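Notes follow once the structure below has been shown.
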Number of protein chains: 2
Amino acid sequence: MTVDQQRRPVKTAATSFAILERLKEQGTLGPTALASELDLAKSTVHRHLKTLEQEGYVVLDEDGYRVGLRLLDFGIHARNQHNLYEVAKPKVDELAEQTGEKVWCVTEEQGRGYHLYGAGGKHSVRTPAREGTRSYLHQLAAGKAILSAFPDDRVDEIIDQHGLPAKTNATITDRDELFEQLATIRDRGFALNREEIVPKLHAVGVPITDQAGNPVGAISLSGPSNRLTDDRLEDELANLLLGAANEVEINLSFS
Amino acid sequence: MTVDQQRRPVKTAATSFAILERLKEQGTLGPTALASELDLAKSTVHRHLKTLEQEGYVVLDEDGYRVGLRLLDFGIHARNQHNLYEVAKPKVDELAEQTGEKVWCVTEEQGRGYHLYGAGGKHSVRTPAREGTRSYLHQLAAGKAILSAFPDDRVDEIIDQHGLPAKTNATITDRDELFEQLATIRDRGFALNREEIVPKLHAVGVPITDQAGNPVGAISLSGPSNRLTDDRLEDELANLLLGAANEVEINLSFS
DNA sequence: AAGTGTTGTTCGCACTATTCGAACGCTTGT
DNA sequence: ACAAGCGTTCGAATAGTGCGAACAACACTT
């Protein structure tokens, strides 16, 4: 299942997507700026942009080129393929309302975590995550919850493929340490995250599995460390999420 | 502003996107099936798929290749660029709750309509539209509302570029007829759609404009023709939408 | 108002990178 | 057991891409 390094990639397609990626990160850019960032001739970038524009994948406005809405169709389609989305959505809303914190539904593809849907309660804080965000699993409470539901060799595969890059100095960067935590998570049923992705941000995550025990995703709750103390996380909030996950699992089995 | 036919498009990038488009439409496919549909060698398709897979734009599962979640990030980003989305969303929810019908927020890019956000009330019907759907403006109530806020020459441009393709036998396919309707819409402030895109489906749409009067989108309400009679559409529902659009316009001016 | 710098755009040419086809191993079904 | 289908790999020919130079359209300065 590992996506190993490819021998002969289609470079032209890769550069088109590299352009889109830059436009997504930087907002609105012109051919010259893009060319210098990507080390390409500006005529090359221009040609790509015009091709993408013709199909609606990028749009030209007065300030330059930006990502076009044509890509929304693809994204929504990709999300709807996971029926976890529609099943978990109402539960995520409910939890956000109930706790006032930020609640996310996350799933896994190719060893990476994707934020499918998030809802913010009354006093939820801003985090770098938004819908569609791709993250490293070991950096997320939800991600570690997902990893805990995988067999060890699959976790090894994922680490081999993506490594264990750090985000803060609390991020797990050691393979053995990660496996130790995963053992604890399997034991208790939930994962914690203490400033491992953003300073002063804590979170709990619980896995969602199918009947065979394979993870199909996770739900997490995150907030400021002063409100989300260890006591509250491990007791009140973990149990809340475990109950919600259980309901989602049951509903998933009938869809 | 017209996107005229391009002289030298990047064909390789275009085929990659053609593959993605097919995967979106057909679900999960293999290289052979894709190759025959796109008139390409299956080795070519395979190479594209592997390149796309490496970046997470497609995913390989047991049944074949499918669109990957990596594209969700792009789509959400594209949607968030239009601040109409976050401003109109609560109003759309409210209208759906209030009326029980399906309510949409639509915007325009390159002369095409994009469904930004939709909410379904209690007895809302299924329509072909979902979030991200790209449509011809003249086939939508919201689309005609948007067109009515454009100057005539811009409307001409859009017709020249995209034509007036029919969806049902009630679809407007004549330029003069469209302009006549647009005049009425400008006069009354709202657009109607009577089975012009789906048989037995009626809708009302009202434009949302900025301070300069340029359209930034529209909101629409649609439902079965027996419930949405002309009387109800023109009186009760049109006024409801006009009020909502007005609020959205005010909120937009402070964002 | 003229000039200078920058940016977006077009086009010919060299050469890289893509396409095709054929062949391989693999699974599925008869 | 064999055939038929699929996904995958690789070499070779040619088509298509990328580069650079040149042009046009502004914006900003002097």
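Note that the structure is a prediction, hence the values are computed from the model and not measured.
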Inset, instruction - Scan A:T44 against the nucleic acid and name what it touches under 4.0 Å (heavy atoms): base, sugar-phosphate only, or nothing. - result: base
Legend entry - Closest listed nucleotide, where the reference is the side chain of A:S43 and the choices are D:dC19, D:dA22, D:dT9: D:dC19
Inset, instruction - Examine D:dT8: is either OP1 or OP2 under 4.0 Å from a nitrogen or oxygen in the side chain of B:K50? Give yes or no. - result: yes
Inset, instruction - Take the protein atom CG of B:L40 and the nucleotide atom P of D:dA15, then report the distance between them rounded to whole Å. - result: 16 Å
Legend entry - Value in whole Å for how far the C1' atom of D:dG18 lies from CG of A:L34: 16 Å
Inset, instruction - With A:D73 as reference, evaluate B:R134, B:K24, B:R112 under the salt bridge (charged side-chain N to carboxylate O under 4.0 Å, His left out) test and give the passing residue. - result: B:K24
Inset, instruction - Report the relative orientation of the aromatic rings in B:F74 and B:Y57; use parallel for angles under 30°, tilted for 30 to 60°, perpendicular for over 60°. - result: tilted
Inset, instruction - Sort out for me which residue in B:I146, B:T133, B:L116 forms a side-chain contact (heavy atoms from CB on, under 4.5 Å) with B:V106. - result: B:I146
Legend entry - Whole-Å gap separating C1' (D:dG16) and CZ (B:R8): 9 Å
Please report, to 0.1 Å, the donor-acceptor pairs under 3.5 Å made by any side chain of residues 210-219 of chain A, with sequence neighbours excluded.
unit_1: A:D210; atom_1: OD1; unit_2: A:A212; atom_2: N; d: 3.0
unit_1: A:D210; atom_1: OD1; unit_2: A:G213; atom_2: N; d: 3.0
unit_1: A:D210; atom_1: OD1; unit_2: A:N214; atom_2: N; d: 2.9

Legend entry - B:K11 NZ - D:dT17 C1' separation (whole Å): 12 Å
Inset, instruction - Report, as yes or no, whether the 6.0 Å neighbourhood of atom NZ on A:K11 holds more than 12 heavy atoms from other residues, nucleotides or ligands. - result: no
Inset, instruction - Give B:T15 one of three labels, base, sugar-phosphate or nothing, depending on what nucleic acid heavy atoms sit under 4.0 Å from its own. - result: sugar-phosphate
Legend entry - Interatomic spacing from OH in B:Y114 to NE2 in B:H82 - rounded to 0.5 Å: 9.0 Å
Legend entry - B:H46 NE2 to D:dT8 P, straight-line distance once rounded to whole Å: 4 Å
Legend entry - Between D:dG7 (P) and B:E53 (CD): distance, integer Å: 13 Å
Legend entry - Residue B:E86 excluded, over 12 heavy atoms near CD under 6.0 Å: no
Inset, instruction - Extract, from 5' to 3' on DNA chain C, the first and final nucleotides lying under 4.0 angstrom from some heavy atom of chain B. - result: C:dC11 to C:dG21
Inset, instruction - Using heavy atoms to find the nearest nucleotide of DNA chain C for A:T12 and A:K42 separately, return the residue whose nucleotide is more 5′. - result: A:K42
Legend entry - Between P of D:dT17 and CG of A:L38, the distance in whole Å: 17 Å
Legend entry - Sole candidate of A:N246, A:N251, A:L252 that passes side-chain contact (heavy atoms from CB on, under 4.5 Å) when paired with A:V248: A:L252
Legend entry - Position toward the 5' end of DNA chain C (nearest nucleotide), A:R47 or B:H48: A:R47
Inset, instruction - Strictly below 4.0 Å, heavy-atom distances to any atom of DNA chain C: list the hits from residues 19-33 of chain B, or just say none. - result: none
Legend entry - Pair A:K50-A:Y65, side-chain donor/acceptor within less than 3.5 Å: yes
Legend entry - Whole angstrom value for the distance that separates P of D:dT9 from CG of B:L49: 12 Å
